[in-house]
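Note on naming: letters A, B, ... go to the chains in the order of the sequence lines (proteins, then strands), and numbering restarts at 1 for each one.
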Amino acid sequence: MRVSHFPIFTLKDTPADAEVISHKLMIRSGMIRKLSSGQYSWLPLGLRVIKKIEDIIRIELEKIGCSEILMPSVQPSELWQESGRWDQYGPELLRFTDRHQRDFCLGPTFEEVITDLIRKDVSSYKQLPINLFQISTKFRDEIRPRFGVMRAREFIMKDAYSFHANQQSLDEAYEVYKTAYNNIFKNLMLDFTVVDADSGNIGGNESNEFHVIADTGEDDLLLDDQLKGMNIEIAKVKYGEDDLEALIKKTNLTHKKGIEVGHIFKLGQKYSETMKAKVTTKDSKTVDMFMGCYGIGVTRIVAAAIEQLHDDKGIKWPASITPFNTVIIEIDGHKNSDVRAYCESVYESFIEKDIETIYDDRDANLGKKIKDWELIGIPNIVIIGKNESNNNTVIFKKRSSESKSEMDINNLLDEIIS
RNA sequence: CGGGGUGUAGCGCAGCUUGGUAGCGCGGCUGGUUUGGGACCAGUAGGUCGUAGGUUCGAAUCCUAUCACCCCGACCA
């Protein structure tokens, strides 16, 4: 892409209403803009990061036999009445009425809809297990949205659901998802941990949370050397102790801050029972299906990655989810046609190698361009001016390092690809 | 919902205490010189001071109400 065709919107000043670093950097680097409290528009740069995360998730889920679907966000109240959550869920469930005075809500989660979907088409144990997921916008009328997209009212979540004829099948699937989630977060190239957790009002009897480790995280975790452990809430119950310091002593675990980005649950028969989602078993009996549900906060991962990987200049994207792999910064290309032509040819050679490249062809001086791309956090920075054009070389600088070096293009391509 | 805070130009802010009709920096636009780490010079546009009401000869400034936004708490991917 060329910047002339891929608008970037960077800011020098931090907007006054941003508090945490990821929020500040997302606004300044032009990834998002606020519409109203807890609601953000995603600009081209930010959306590319979302797509990267979604693709990593898709690949791992498809590997374990989970197929993608898409369900409506506007959900009829009847289903929520049936599960009992119309009354239980509380004001976080945004409710409204259509022109026929029929009640609806904006889906904060999709157990009701998917259970309804499955019960209509599945009647035999032979059709099970079934694994489905969607990546879609969820809405929760949060008491207090905050920290930008970290806790937004409208956000993108991947939610997967599994249906089984018996507990054993669910147990097996749960472990498969756990492994897949580990792979997803490994592939995202973020420091993370999985902990035992409370299943909250989703229901069920076993659950694990996946956390991105970050000093600015909101959740307290107690972890061992292997980064395994438990959420503080679980620890409190388990050890009968409310004080954090006392718990650390008692458990001999390390205290870390985490940002919850994934949560998996064994729902069991909670929804299938109330919503009468049954199948016939091998011995001709009927049984309520066993369910699991598995969530990942896609938009929250964007913020969590930034919380974990940044410096005073801006974001430092891991290769896995960077909006672009490489930026080519042109010096004086608007006046120097040799430089322009040379930049174009270097750009083409990057594109030929399938390196995701953004070519900064703006009429601006070097300092401004470098500041912008360091803020945005592109891992590889290539600088080209008249010297490089004459020498048939480029200047190469990594986002993670201060040093620059003049390089032959082919050598650079090899280095970036490796 | 309880506690705290902020609304003045696209962004960051000053002005408010002590009323006299709005200013600075960045950004934008035009022209020129520039472009090797956020350039310089000259010019220029842009604000019913969140909204409504009140006090006053006169309100950004004082009073009342209201809305929005942010932070702390309860809740959560």
Which nucleotide in the list [options] gets nearest to the side chain of [X]?
| X | options | result |
| --- | --- | --- |
| Phe147(A) | C69(B), C26(B), C71(B) | C71(B) |
| Asn387(A) | G38(B), U35(B), G36(B) | G36(B) |
| Glu92(A) | A77(B), C75(B), G38(B) | C75(B) |
| Glu19(A) | G37(B), G36(B), C71(B) | C71(B) |
| Asp332(A) | C13(B), U35(B), A77(B) | U35(B) |
| Asn365(A) | G12(B), G38(B), G37(B) | G38(B) |
| Met157(A) | C75(B), G12(B), A77(B) | A77(B) |
| Glu142(A) | G12(B), C71(B), C76(B) | C76(B) |
| Leu366(A) | U35(B), A74(B), G36(B) | G36(B) |
| Lys12(A) | G37(B), U34(B), C26(B) | C26(B) |

Could you tell me which nucleotide pairs with [N] by Watson-Crick or G-U wobble geometry, both distances under 3.5 Å, or answer none if nothing does?
| N | result |
| --- | --- |
| U55(B) | none |
| G28(B) | U44(B) |
| A9(B) | none |

Tell me the interatomic distance from [X], atom [atom1], to [N], atom [atom2], rounded to whole angstroms.
| X | N | atom1 | atom2 | value |
| --- | --- | --- | --- | --- |
| Lys34(A) | C11(B) | NZ | P | 11 Å |
| Arg28(A) | G12(B) | CZ | C1' | 12 Å |
| Asp220(A) | G73(B) | CG | P | 11 Å |
| Leu11(A) | G28(B) | CG | P | 12 Å |
| Arg151(A) | A77(B) | CZ | P | 9 Å |
| Glu209(A) | C75(B) | CD | P | 13 Å |
| Glu330(A) | G36(B) | CD | C1' | 13 Å |
| Lys371(A) | C26(B) | NZ | P | 17 Å |

base_contact_polar (G37(B) base, Lys313(A) side chain, donor-acceptor, <3.5 Å): no
G36(B) base / Glu388(A) side chain donor-acceptor hit below 3.5 Å: yes
Within the 4.0 Å heavy-atom criterion, would you say [X] contacts the bases, only the backbone, or no part of the nucleic acid?
| X | answer |
| --- | --- |
| Gly297(A) | base |
| Lys335(A) | base |
| Ala364(A) | base |
| Ile301(A) | nothing |

Glu374(A) or Ala152(A), whichever maps to the more 5' nucleotide of RNA chain B: Glu374(A)
Given RNA chain B, 5'-ward residue of the pair Arg153(A) and Ser37(A), judged by closest heavy atom: Ser37(A)
Parallel, tilted or perpendicular, as decided by the 30° and 60° cut-offs, for the rings of Phe6(A) and Phe324(A): perpendicular
Is the phosphate of [N] approached by [X] (side-chain N or O, under 4.0 Å from OP1 or OP2)?
| X | N | value |
| --- | --- | --- |
| Arg140(A) | A77(B) | no |
| Arg362(A) | G38(B) | no |
| Arg144(A) | C72(B) | yes |

When you check the side-chain N and O atoms of [X] and [Y], is any donor under 3.5 Å from an acceptor?
| X | Y | value |
| --- | --- | --- |
| Glu307(A) | His310(A) | no |
| Glu356(A) | Asn325(A) | no |
| Tyr40(A) | Arg153(A) | no |
| Gln167(A) | Asp171(A) | yes |
| Thr393(A) | Glu388(A) | no |

Over-ring placement of Arg95(A) relative to Trp80(A), 6.0 Å and 45° cut-offs: no
